Each structure stands twice: as C-alpha cells, then as structure tokens.
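Note sheet for the following structure.
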Amino acid sequence: MTLTASVDTTLTEIISGTTPGAACSPDLVAKPWVFDLQPPSYGPGSSMGDVIPAGSPRQGTLPAFYREASSEELDRRIRSAKETLGDRLVILGHFYQRDEVVAYADYVGDSFQLATAAKARTDAEAIVFCGVHFMAETADLLSTPEQSVILPNLAAGCSMADMANIDQVEECWEQLTELFGSEADATGRVPVIPVTYMNSSAALKGFCGRNGGIVCTSSNAETVLKWAFERGQRVLFFPDQHLGRNTAKAMGVPLEQMPMWNPNKPFGGNDALALQSSQVILWHGFCSVHKRFTVDQIERARAEHPGVRVIVHPECPMPVVDAADEYGSTDYIRKAIEAAPAGTTFAIGTEINLVQRLAAEHPEHTIFCLDPVVCPCSTMYRIHPGYLAWVLDSLLDGVVLNQISVSDDVAAPARLALERMLAAKPPIAAGA
Ligand code: 13P
Ligand code: SF4
C-alpha cells in the first residue's frame with residue numbers, strides 16, 4: 001500500500017526529530033488502543049482534557065493479535081474481508097480519517113455526503129463507518145433496520161457534539177418556552193425553531209424532530225437557517241456557536257441579536273430583554289481542532305506567500321472566517337482546490353489529514369495548513385486499521401461488533417429532523 005499523505009508518518013518524523021516541525025502532543029504517535037482504557041480523557045492532541053460524558057460508549061481492549069499485527073498483515077486481512085463480503089459491506093470514510101484508513105473506504109466525503117451514501121446503499125448488510133460516533137448514529141438513522149452500522153472504535157466520539165446533552169437542551173427549551181410561550185404569531189411563525197448541527201447526538205436530533213426543528217451540516221447551514229426563519233421568529237442553534245454565528249452573520253443577522261446560551265446559567269446567562277430581541281440563540285459549544293486557527297496565522301501566511309488563497313472551515317471562530325478569503329465545508333474546500341488554476345497557493349484552516357491529502361493529490365498547487373503545529377482531530381484518530389481488521393474479521397465469522405443502534409423512541413423524531421434537512425434545497429456554495 002502506497003501512502004503519500006500520511007499524517008502518522010509526518011508526526012513520527014517530527015517527534016523523532018528527522019523532520020523539522022512541531023506536533024501538539026508526542027502521544028499522537030502512539031497507537032490509539034493505548035488510550036482506550038484510560039478514562040476520562042478523549043486522547044492526546046487537540047481535545048486533550050475534554051472529559052468523555054458519563055453515557056458515552058467505551059471501547060474495550062482490542063485483541064492482542066490486532067494490536068501486534070504488522071501493517072502488511074492488517075492490509076491483507078482487510079482486503080481479503082472486503083473481497084469476501086463484496087457488496088454486503090460498505091466502508092464509509094470521513095475526510096479527516098488517517099490515510100491508512102481512507103485507503104479502504106468505498107466512499108470518502110464530508111458528513112453530509114456520507115449520510116446520503118449510507119441512505120443510498122440499501123444493498124449493504126453492514127455499514128462500517130470510519131468517522132466519529134454521531135456520524136455512525138446518523139448512518140443508522142438513515143439506513144434500513146436490516147442493516148448494521150459499525151463504528152470500528154467506540155472511543156471515536158466528538159468533543160463538540162458532547163458539549164450539548166439532551167438534559168441541558170430540554171432545560172434550555174423549558175426556559176425559552178416560559179419566556180416566549182409556544183403560540184405562533186400572526187404570520188404563523190412559532191417563537192423558536194431548534195436547529196442542531198449534524199455534529200450532535202441522535203437524542204438532540206430527536207429533540208429537533210419533536211419540536212418542529214431540523215438538522216444542518218456545514219455544507220447546508222444557510223439553506224437550513226432560511227428554512228427555520230420561514231417557520232420561526234428565532235432559532236436556537238446548537239452545539240457549535242461558530243458555525244451558527246458565521247452562517248447567520250453572512251445572512252445579515254446582527255451580532256447583537258445572537259446571544260450565547262451558557263447551559264450552566266439561568267436563562268443561559270442572558271437577560272430576558274436580550275433574548276426577546278434575539279434572532280439566533282447560540283449554544284456555547286466549539287470544535288477544539290478549528291479553535292486552533294487564528295488571524296495571526298492568516299497574516300503570517302499572507303506575508304510569507306503573497307497571493308495566497310486562504311480558505312477556512314466555518315467551525316473556525318468568526319474573526320478567522322472574516323479574515324479568510326473564503327470559507328466552506330470540507331467538500332467546499334476540496335472543490336475549490338480542484339477548480340483552481342495550476343500554480344495556486346492555498347492556506348487551509350481545517351483538519352490536517354484532509355489538508356495533507358489535498359496537498360498530495362494536487363502537486364500542481366502549493367497547499368499548506370494555516371496552523372504550523374500538526375494537530376489531528378484526536379477522536380477521528382481513534383480509528384486505525386487494527387480496529388477495522390478486527391470488526392471485518394468478526395463480520396466474516398458472522399459476528400457484528402461495535403454496532404451503533406439508536407433506540408426507536410429517539411430514532412423516529414431524529415429521522416424526521418434529518419429528512420427535513422434532506423428535503424431542504426441542496427447544499428449551496430459557502431460565501432466568499
Ligand atoms: P463536515 O460536515 O464538513 O464533514 O465536517 C465535519 C466535522 O466534524 C468538522 O469538524
Ligand atoms: Fe468533532 Fe472537531 Fe473532530 Fe470534527 S474535527 S469530529 S467537530 S472534534
């Protein structure tokens with residue numbers, strides 16, 4: 001197997017001193033199973049210190065055979081299982097997965113594309129999702145009851161998704177209902193429409209389904225907010241404050257009409273007046289990977305590479321999005337690079353696995369990550385060929401390991417919120 005864009009290799013070289021550079025944690029060169037049994041941290045790197053919520057599924061010990069197998073042995077096993085299982089198996093890989101895993105994916109894409117791929121492959125008995133927990137839950141919601149969705153490592157969560165839990169959101173909703181009531185106005189718009197980012201638990205998607213709300217991804221957030229404003233006087237947006245703020249600002253919502261909701265304070269830490277005039281109430285959540293990007297990095301990139309095109313993900317803080325030339329979802333970034341004339345220089349503000357892969361796939365351009373410190377998403381990092389070989393070998397034995405299954409009471413309303421999203425207009429290009 002030839003890998004041209006392995007972040008694992010880059011990290012190993014940086015940490016051993018054979019390549020200059022900096023990594024956010026030396027632990028990132030360790031194999032992920034070292035961290036599976038070390039609660040409560042999510043793992044090394046950008047999400048270090050994030051506490052795994054009490055209810056999160058935990059990964060048990062990966063059998064010694066898979067921990068000790070060479071990469072050649074794992075490669076042989078994964079390829080052989082894929083061949084034997086044929087169309088009964090589909091492997092989905094998010095853009096942020098390590099190259100060593102992407103090599104086996106039948107579909108590689110952003111969270112929206114992978115959700116639609118999961119829905120389309122009704123012929124596959126097993127959907128192995130190389131991504132994080134909320135993505136596998138979404139695949140389970142959109143697939144048929146006969147299909148099994150498998151997350152190779154249960155410790156692959158998302159620290160941002162875990163910043164809003166169902167109890168906190170229910171409590172927030174109670175307070176908002178107390179303040180605004182629930183009656184529609186003369187135009188038929190209800191006081192609040194809940195909108196959850198795809199990066200959230202199925203329980204929150206279910207909450208949106210039950211309360212007239214909807215799901216969005218970073219590629220359709222503006223379309224979804226328009227949908228919500230047609231039906232509501234204001235939006236409660238969770239869990240990512242940055243995606244909510246950046247999208248609403250681009251649509252002309254003034255910043256002073258976007259109060260932040262801190263779940264640990266009464267009325268989210270707001271006075272009733274500020275909430276009365278709000279258009280978008282932003283949950284106090286963020287992505288620890290995208291929070292690393294700064295305006296200073298953009299200024300440095302422009303000073304060192306005159307003419308550089310700076311594109312960032314909308315999970316970055318607002319000053320970074322404002323300072324960039326463009327922003328958009330992972331797929332927007334990929335397409336912008338594909339469409340550019342040869343010889344373009346890009347500074348990209350998103351997860352390093354995708355940036356390094358795009359750089360390898362496009363030698364006609366110069367592509368680098370805005371953040372000079374190599375710091376992959378520490379939960380995406382939890383998926384490794386060792387776990388993939390383990391769950392595939394088990395499938396060959398007729399055993400479904402690490403199945404992600406959303407309970408029926410949550411699934412029905414969560415599916416409704418997702419179907420509303422899929423029925424909303426197709427994703428639009430993000431703004432420049
Ligand atoms: P996309 O929706 O662009 O795939 O992003 C998912 C994600 O986790 C970004 O941090
Ligand atoms: Fe979650 Fe951020 Fe990792 Fe995406 S990059 S999975 S939002 S922690």
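On a predicted model such as this, the values are computed, not experimentally measured, just so you know. When a ligand or atom number is given, it counts from 1 through the structure's own listing order.
- Checked against a 6.0 Å centroid threshold, the rings of His305 and Phe368 count as neighbours.
- Look at Arg121 and Asp123 and you find a salt bridge, because one of the NZ, NE, NH1 or NH2 atoms lies within 4.0 Å of a carboxylate O, short of that distance.
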Could you list each nitrogen or oxygen of ligand 1 that sits under 3.5 Å from a protein nitrogen or oxygen, with the atom names and the distance?
unit_1, atom_1, unit_2, atom_2, d
ligand 1, 2 (O), Ser111, OG, 2.7
ligand 1, 2 (O), Ser218, OG, 3.2
ligand 1, 3 (O), Ser218, OG, 3.0
ligand 1, 3 (O), His313, NE2, 3.2
ligand 1, 3 (O), Thr330, N, 3.3
ligand 1, 3 (O), Thr330, OG1, 2.8
ligand 1, 4 (O), His94, NE2, 2.7
ligand 1, 4 (O), Ser111, N, 2.9
ligand 1, 4 (O), Thr330, OG1, 3.3
ligand 1, 8 (O), Asn199, ND2, 3.2
ligand 1, 10 (O), Glu315, OE1, 2.9
ligand 1, 10 (O), Glu315, OE2, 3.1

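- Heavy-atom distances between His94 and ligand 2 stay at or above 4.0 Å for every pair.
- Heavy-atom distances between Ser288 and ligand 2 stay at or above 4.0 Å for every pair.
- Aromatic ring orientation, His290 versus Tyr96: tilted (interplanar angle from 30° to 60°).
- Here Cys158 does not reach atom 3 (Fe) of ligand 2: none of its N/O/S atoms is less than 2.8 Å from the metal.
- With no hydrogens or angles considered, no side-chain donor-acceptor pair links Ser71 and Glu100 at under 3.5 Å.
- Atoms of ligand 2 lying under 4.0 Å from at least one heavy atom of Ser159, given by number and element, are 8 (S).
- Between the side chains of Asp8 and Tyr381, no donor N or O sits under 3.5 Å from an acceptor N or O.
- Within the listing of ligand 2, atoms 5 (S) sit less than 4.0 angstrom from a heavy atom of Tyr96.
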Apply salt bridge (Lys or Arg N to Asp or Glu O under 4.0 Å) to Asp110 and Arg334, showing your working.
CA-CA 10 Å; Asp110 65 14; Arg334 188 181 65 82; over 6 Å; no
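- Using a cut-off of 2.8 Å, one finds that His290 contributes no N/O/S atom close to atom 2 (Fe) of ligand 2.
- Checking side-chain atoms of Arg234 against main-chain N and O of Ser278 turns up a donor-acceptor pair under 3.5 Å.
- At a heavy-atom cutoff of 4.0 Å, ligand 2 is contacted by no atom of Glu351, backbone or side chain.
- Within the 6.0 Å centre-distance limit, the rings of Phe207 and Trp173 are counted as a close aromatic pair.
- Classification of Lys226 and Glu222 as a salt-bridged pair holds, one side-chain N sitting under 4.0 Å from a carboxylate O.
- Panel note: side chain Arg382, backbone Gly157; no donor-acceptor pair is recorded below 3.5 Å.
- Close contacts between ligand 2 and Cys287 involve ligand atoms 2 (Fe), 5 (S), 7 (S) [criterion: under 4.0 Å to a heavy atom].
- Counting heavy atoms only, Asn199 comes closest to atom 7 (S) of ligand 2 of the residues Asn199, Leu243, Asp240, Thr350.
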